[in-house]
Amino acid sequence: MVDRLANSEANSKRINLVESCFGTAGQPLAIPGRVLIGEGVLTKLCRKKPKARQFFLFNDILVYGNIVIQKKKYNKQHIIPLENVTIDTIEDEGELRNGWLIKTPTKSFAVYAATATEKSEWMNHINKCVCDLISKSGKTPNSEHAAVWIPDSEATICMRCKKVKFTPVNRRHHCRKCGYVICGPCSEKRYLLPSQSSKPVRVCDFCYDLLSNGDFSSCLPSRSDSFSHPSKSKNNLSDDDDDEDSSD
């Protein structure tokens with residue numbers, strides 16, 4: 001099916017339309033053999049609150065961006081190579097339902113569909129695309145992934161020292177290795193994580209000590225998909241409005 005669509009005029013038009021919606025700020029998406037499998041709005045769990053994002057699934061990449069005008073204009077384009085993606089379901093809890101984790105070596109995050117049927121379709125299509133890519137390339141499925149950041153609203157105090165309370169002065173930060181919400185004094189060190197950045201990134205003292213001793217696996221939370229649903233917290237003071245452009 002995908003091979004038949006690869007060189008079809010309808011597929012080319014659909015991809016050109018996606019390119020035009022992102023405008024000059026987006027990357028070119030039309031390459032030989034690329035097929036647009038599907039698209040839709042998913043709720044992405046960002047640092048401070050869930051936000052609607054437009055997602056496009058191709059047979060080799062996953063693209064998403066901010067919605068400026070629905071079906072007409074998007075910005076802040078993100079492109080994720082599917083061969084690096086693994087996904088895990090999230091159990092329904094509270095208002096956020098029909099979710100799953102999208103995990104890559106560079107960035108991992110949670111998304112939610114409007115219905116259970118949509119969730120199933122998205123996950124099935126993503127898994128099929130990943131399996132087809134792995135099968136064709138002969139590569140080993142990716143096992144490394146960046147930690148899923150704990151939402152700001154889940155922590156009123158530092159998750160490492162358990163002492164510092166977050167205020168407009170004592171801001172929240174995130175460890176790039178474990179994803180915990182931590183205070184400034186507990187995250188003064190930087191460590192080079194090549195899969196995430198070409199420069200040393202913020203890590204908590206706990207992870208820094210383990211990484212320095214060569215213990216790369218123990219830094220992660222006890223569950224590889226460590227994740228908790230955001231609570232409704234009014235004390236949601238953060239050093240950045242969204243994880244998309246966050247430096248902390």
Side-chain angles (χ1 to χ4, degrees), residues 2 5-6 8 10-87 99-114 118-119 121-123 125-130 132-133 142 144-149 151 174 176 179 193-199 201 238 240-248:
V2 171
L5 290 172
S8 71
N11 179 62
S12 297
K13 286 183 177 180
R14 292 179 69 199
I15 294 179
N16 289 336
L17 181 59
V18 176
E19 287 183 334
S20 66
C21 287
F22 278 105
T24 56
Q27 296 295 315
L29 299 172
I31 64 170
R34 177 168 289 165
V35 175
L36 178 57
I37 305 297
E39 61 182 273
V41 177
L42 297 174
T43 299
K44 178 178 179 290
L45 192 60
C46 299
R47 285 192 63 174
K48 294 184 71 173
K49 61 181 180 181
K51 298 181 180 180
R53 297 286 186 256
Q54 183 74 25
F55 280 78
F56 301 91
L57 176 64
F58 295 83
N59 59 330
D60 62 334
I61 58 174
L62 182 65
V63 178
Y64 70 93
N66 293 7
I67 301 170
V68 180
I69 303 174
Q70 182 63 47
K71 296 185 180 298
K72 292 185 177 181
K73 186 177 182 180
Y74 311 111
N75 62 15
K76 293 189 177 180
Q77 183 189 72
H78 296 261
I79 300 177
I80 302 173
L82 282 180
E83 64 180 12
N84 296 326
V85 168
T86 56
I87 58 176
W100 69 97
L101 298 176
I102 296 175
K103 303 188 293 186
T104 79
T106 304
K107 184 182 182 68
S108 301
F109 53 91
V111 293
Y112 296 85
E118 279 189 38
K119 170 185 175 177
E121 290 177 348
W122 272 100
M123 293 189 71
H125 284 308
I126 292 173
N127 273 327
K128 187 178 187 311
C129 289
V130 172
D132 288 347
L133 283 172
N142 179 65
E144 178 188 4
H145 62 83
V148 179
W149 285 16
H174 277 84
R176 296 306 193 272
L193 300 175
S195 63
Q196 296 190 38
S197 175
S198 59
K199 299 178 180 179
V201 293
S238 173
D240 202 287
D241 181 57
D242 197 335
D243 60 348
E244 304 293 7
D245 302 304
S246 171
S247 58
D248 290 309

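All residue numbers refer to positions in the sequence shown, counting from 1. Quick caveat: nothing in here was measured; it's all calculated off a predicted structure.
- Contact between V130 and V85 at its shortest, heavy atoms only, is CG1-O, 3.8 Å.
- Listed by chain and residue number, N142, S195 satisfy the side-chain contact (heavy atoms from CB on, under 4.5 Å) test with E144 (two or more places apart in sequence, or in another chain).
- Proximity of V41 to Q70: side-chain heavy atoms (C-beta onward) are separated by under 4.5 Å at one or more points.
- Nearest heavy-atom pair across S108 and K103 is OG-CA, 3.4 Å.
- Looking at R47 and H174, their side chains come closer than 4.5 Å, going by heavy atoms from C-beta outward.
- Counting only distance, with no hydrogens or angles, the side chain of N75 and the backbone of G23 share no donor-acceptor pair below 3.5 Å.
- Judged purely by atom type and a 3.5 angstrom limit, S12 uses its side chain to pair as donor or acceptor with the backbone of S8.
- Here the closest heavy-atom approach between residue L36 and residue N11 is recorded as N-OD1, 3.0 Å.
- The closest side-chain heavy-atom distance from L29 to I61 is below 4.5 Å.
- The closest side-chain heavy-atom distance from V111 to F55 is below 4.5 Å.
- Considering all non-hydrogen atoms of both residues, W100 and K119 come closest at CE3-CG, 3.7 Å.
- Of the possible polar contacts, none joining the K51 side chain to the K44 backbone as a donor-acceptor pair under 3.5 Å is found.
- Here salt bridge (charged side-chain N to carboxylate O under 4.0 Å, His left out) pairs that include residues 19-31, with residues two or more places apart or in two chains, number zero.
- Contact check for L62 versus I102: side-chain heavy atoms found under the 4.5 Å cut-off.
- The backbone N or O of P81 lies less than 3.5 Å from no partner atom in the side chain of D60, so there is not a single donor-acceptor pair.
- Taking the side-chain contact (heavy atoms from CB on, under 4.5 Å) definition, one finds that K71 meets it with Y74, sequence neighbours left out.
- Contacts of S197 classified as side-chain contact (heavy atoms from CB on, under 4.5 Å), with partners at least two apart in sequence or in another chain: K199, V201.
- Taking the ring-ring contact (aromatic ring centres under 6.0 Å, His included) definition, one finds that F58 meets it with nothing, sequence neighbours left out.
- With sequence neighbours left out, the salt bridge (charged side-chain N to carboxylate O under 4.0 Å, His left out) criterion links E83 to K139.
- Looking at heavy atoms from C-beta onward, R34 lies in side-chain contact with N59 at the 4.5 angstrom threshold.
- Looking at N84, its side chain never comes within 3.5 Å of a backbone N or O of T106 through a donor-acceptor pair.
- Using a distance-only test at 3.5 Å, with no hydrogens or angles considered, no donor-acceptor pair links the side chain of N66 to the main chain of K76.
- With hydrogens and angles ignored, the 3.5 Å screen pairs no side-chain donor or acceptor of R176 with any backbone N or O of L193.
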